[in-house]
Amino acid sequence: MKKFLNQIKYYFGFSSSEASGFMLLILLLICFILLPFLFRLLPNNEAKLGENDEAKLLALQKELDSKIDKTSLDTKANFQKKDFQYDRYSVEKEAVKESKLFIFDPNILDKTGFVSLGIPEFIAERIVKYRNAGGKFKSKDDLKKIYGLLPSTFSKLEPYIKLEAISKSTIENLTSITSDNNTSSKPEYPKNTYSKKSVNFDFNTVDTTKLMTIKGIGSKLSQRIIKYRDNLGGFTSENQIREVFGLDSIVVDELMKFGEINSPVRKININIVTDLKHPYLKPYVAKAIIAYRNQHGNFNNITDMNKIKVLDANTLIKIMPYFIF
């Protein structure tokens with residue numbers, strides 16, 4: 001052993017104490033390596049279950065199984081009614097079986113009408129809330145987007161859906177608005193109920209400096225108003241000021257006191273334009289208008305544009321003052 005320690009000291013440059021510690025570390029490592037093998041050589045002293053113990057365990061297991069089955073049955077009985085109430089698919093299927101189908105417009109039909117069609121009451125309420133919040137069904141497929149409405153229910157209702165087109169009176173009004181497109185006169189809009197103290201500027205020509213003289217209008221709001229006006233092509237109605245993001249009703253009323261519209265808007269020739277962009281038109285609607293024109297030829301009047309399915313009546317009314325044919 002001394003000879004081995006001397007060799008370790010000479011080879012590694014250890015002192016006597018360091019060489020002894022090194023030897024101890026090697027011995028401990030060898031012990032840890034051999035320990036698992038030594039345990040395997042020990043006799044197996046596991047206790048074996050006797051017959052009595054095994055019988056007791058089987059009895060206990062049966063007792064637990066019976067308790068679990070009883071609890072499951074009780075739970076199922078207690079919640080059976082609730083499960084039926086909240087299983088919207090089961091409710092909807094049963095409702096459709098007892099329904100009486102008829103032609104309807106989802107933009108007009110009330111809650112009772114939807115229920116009589118076989119739509120569950122909670123989905124009928126959801127449709128009415130969607131409409132009250134400003135939602136509109138522009139096509140039959142829009143009804144399919146109502147959360148909770150089964151595809152099978154929609155397929156049964158689809159043949160009976162009839163969306164109302166723009167009424168003749170609306171078309172006549174729109175035609176009268178656009179019939180004088182080449183003149184500088186303003187289209188007729190409902191008059192505002194407020195009274196002006198004085199008129200100091202034209203909304204379609206005013207600059208940011210003038211707007212900032214109005215109480216509540218800073219540099220950011222004035223720039224936002226001008227930018228929205230330019231994107232529109234000009235205001236056709238003073239009420240459009242309310243569409244500018246960030247303007248509260250108090251500031252709008254203050255603007256209304258000192259401004260009015262005296263200048264015409266910038267028109268878009270709908271039969272010439274190739275890249276149609278406008279704040280009132282979503283990109284897919286603008287593309288549909290151009291595609292329809294390319295396929296069917298130039299638009300002659302508002303009636304032709306009414307044939308575009310994705311262009312709803314409200315949007316058509318708002319956009320028409322900016323079009324010429």
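Values below: all heavy atoms of this structure, side chains included; hydrogens, waters and symmetry mates excluded. The first residue in the sequence is number 1, and the count goes up from there.
- Every residue two or more places apart in sequence or in another chain was checked for a ring pair (Phe, Tyr, Trp, His ring centres under 6.0 Å) with Phe104, and none qualifies.
- Using a 4.5 Å heavy-atom cutoff, the side chains of Glu260 and Glu238 are in contact.
- Between the side chain of Arg242 and the main chain of Ser249, no donor-acceptor pair closer than 3.5 Å is present.
- The ring pair (Phe, Tyr, Trp, His ring centres under 6.0 Å) check on Phe137 picks up Tyr130, with sequence neighbours excluded.
- Checked by atom type and distance alone, the side chain of Arg224 pairs as donor or acceptor with a backbone atom of Phe245 at under 3.5 Å.
- The distance from atom CG of Asp105 to atom NZ of Lys162, rounded to the nearest 0.5 Å, is 9.5 Å.
- Under the 3.5 Å distance criterion, with hydrogens and angles disregarded, a donor-acceptor pair is assigned to the side chains of Thr315 and Asp312.
- One hydrophobic cluster holds both Ile30 and Met23 under the rule that ILVMFWY side chains link at heavy-atom gaps under 4.5 Å.
- Residues Pro279 and Tyr228 share a closest heavy-atom pair of CB-CE1, 4.4 Å.
- When hydrophobic clusters are built by joining Ile, Leu, Val, Met, Phe, Trp and Tyr residues whose side-chain heavy atoms come closer than 4.5 Å, directly or via intermediates, Val128 is not grouped with Phe122.
- Here the side chain of Arg229 pairs no donor or acceptor atom with the backbone of Ile241 at under 3.5 angstrom.
- For an aromatic pair to be called close, the ring centres must be under 6.0 Å apart, and Phe323 with Phe325 fails this.
- Note that CD1 of Ile268 is 12.0 Å distant from NZ of Lys277, once rounded to the nearest 0.5 Å.
- The shortest side-chain heavy-atom distance between Ile319 and Leu281 falls under the 4.5 Å cut-off.
- With Glu254 contributing its side chain and Ile250 its backbone, the two residues share no donor-acceptor pair below 3.5 Å.
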When the side chains of residues 285-293 are checked against the rest of the protein, which donor-acceptor pairs come out under 3.5 Å, sequence neighbours left out?
{"residue": "Arg293", "atom": "NH1", "partner": "Ile270", "partner atom": "O", "Å": "2.8"}
{"residue": "Arg293", "atom": "NH1", "partner": "Val273", "partner atom": "O", "Å": "2.7"}
{"residue": "Arg293", "atom": "NH2", "partner": "Val273", "partner atom": "O", "Å": "3.0"}

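- Interatomic distance, NZ of Lys156 versus CD1 of Ile119, reported as 12.5 Å (0.5 Å rounding).
- Taken to the nearest 0.5 Å, the CG atom of Leu255 stands 5.0 Å off from the CD1 atom of Ile225.
- Of all non-hydrogen atoms in Leu109 and Arg131, the two that sit nearest each other are O-NH1, 2.6 Å.
- Sorted by first and then second residue, the pairs that involve residues 265-287 and meet ring pair (Phe, Tyr, Trp, His ring centres under 6.0 Å), not counting sequence neighbours, are His278-Tyr280, His278-Tyr322.
- In this structure, the side chains of Val310 and Ser139 stay at 4.5 Å or more apart for every pair of heavy atoms.
- Shown here for Leu221 and Gly246, the closest heavy-atom pair between the two residues is CD2-O, 4.0 Å.
- Partners of Glu125 under the side-chain hydrogen bond (donor to acceptor under 3.5 Å, both in side chains) rule, at least two apart in sequence or in another chain, are Lys111.
- In terms of heavy-atom proximity, Asp110 sits nearest to Gly113 at OD1-N, 2.9 Å.
- A heavy-atom distance below 4.5 Å is not found between the side chains of Phe235 and Asp202.
- Looking at Phe114 and Ile123, their side chains never come closer than 4.5 Å, going by heavy atoms from C-beta outward.
- Under 4.0 Å is where a charged nitrogen must lie from a carboxylate oxygen, and between Asp230 and Lys227 no such pair does.
- Two residues are said to be in side-chain contact when any heavy atoms from C-beta on lie closer than 4.5 Å; Leu117 and Leu157 meet this criterion.
- No donor-acceptor distance shorter than 3.5 angstrom exists from the side chain of Arg126 to the backbone of Glu121, with no hydrogens or angles considered.
- Of all heavy-atom pairs spanning Ser155 and Pro159, the tightest one is O-CD, 3.4 Å.
- The shortest distance between side-chain heavy atoms of Val265 and Lys267 falls below 4.5 Å.
- Considering only heavy atoms from C-beta on, Val252 stays 4.5 Å or farther from Val244 through its side chain.
- Between the side chain of Asn204 and the main chain of Gly234, no donor-acceptor pair closer than 3.5 Å is present.
- Among all heavy-atom pairs drawn from Lys136 and Asn314, the shortest one is CD-ND2, 4.0 Å.
- Distance check, rounded to the nearest 0.5 Å: CG of Asn239 to CD of Glu243 gives 9.0 Å.
- Separation of atoms CD1 (Ile226) and CD (Gln223) is listed at 9.5 Å; rounding is to 0.5 Å.
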Determine all donor-acceptor pairs shorter than 3.5 Å in which one atom belongs to a side chain in residues 205-220; sequence neighbours excluded.
{"residue": "Asp207", "atom": "OD1", "partner": "Thr209", "partner atom": "N", "Å": "3.4"}
{"residue": "Asp207", "atom": "OD1", "partner": "Lys210", "partner atom": "N", "Å": "3.0"}
{"residue": "Thr213", "atom": "OG1", "partner": "Lys210", "partner atom": "O", "Å": "2.5"}

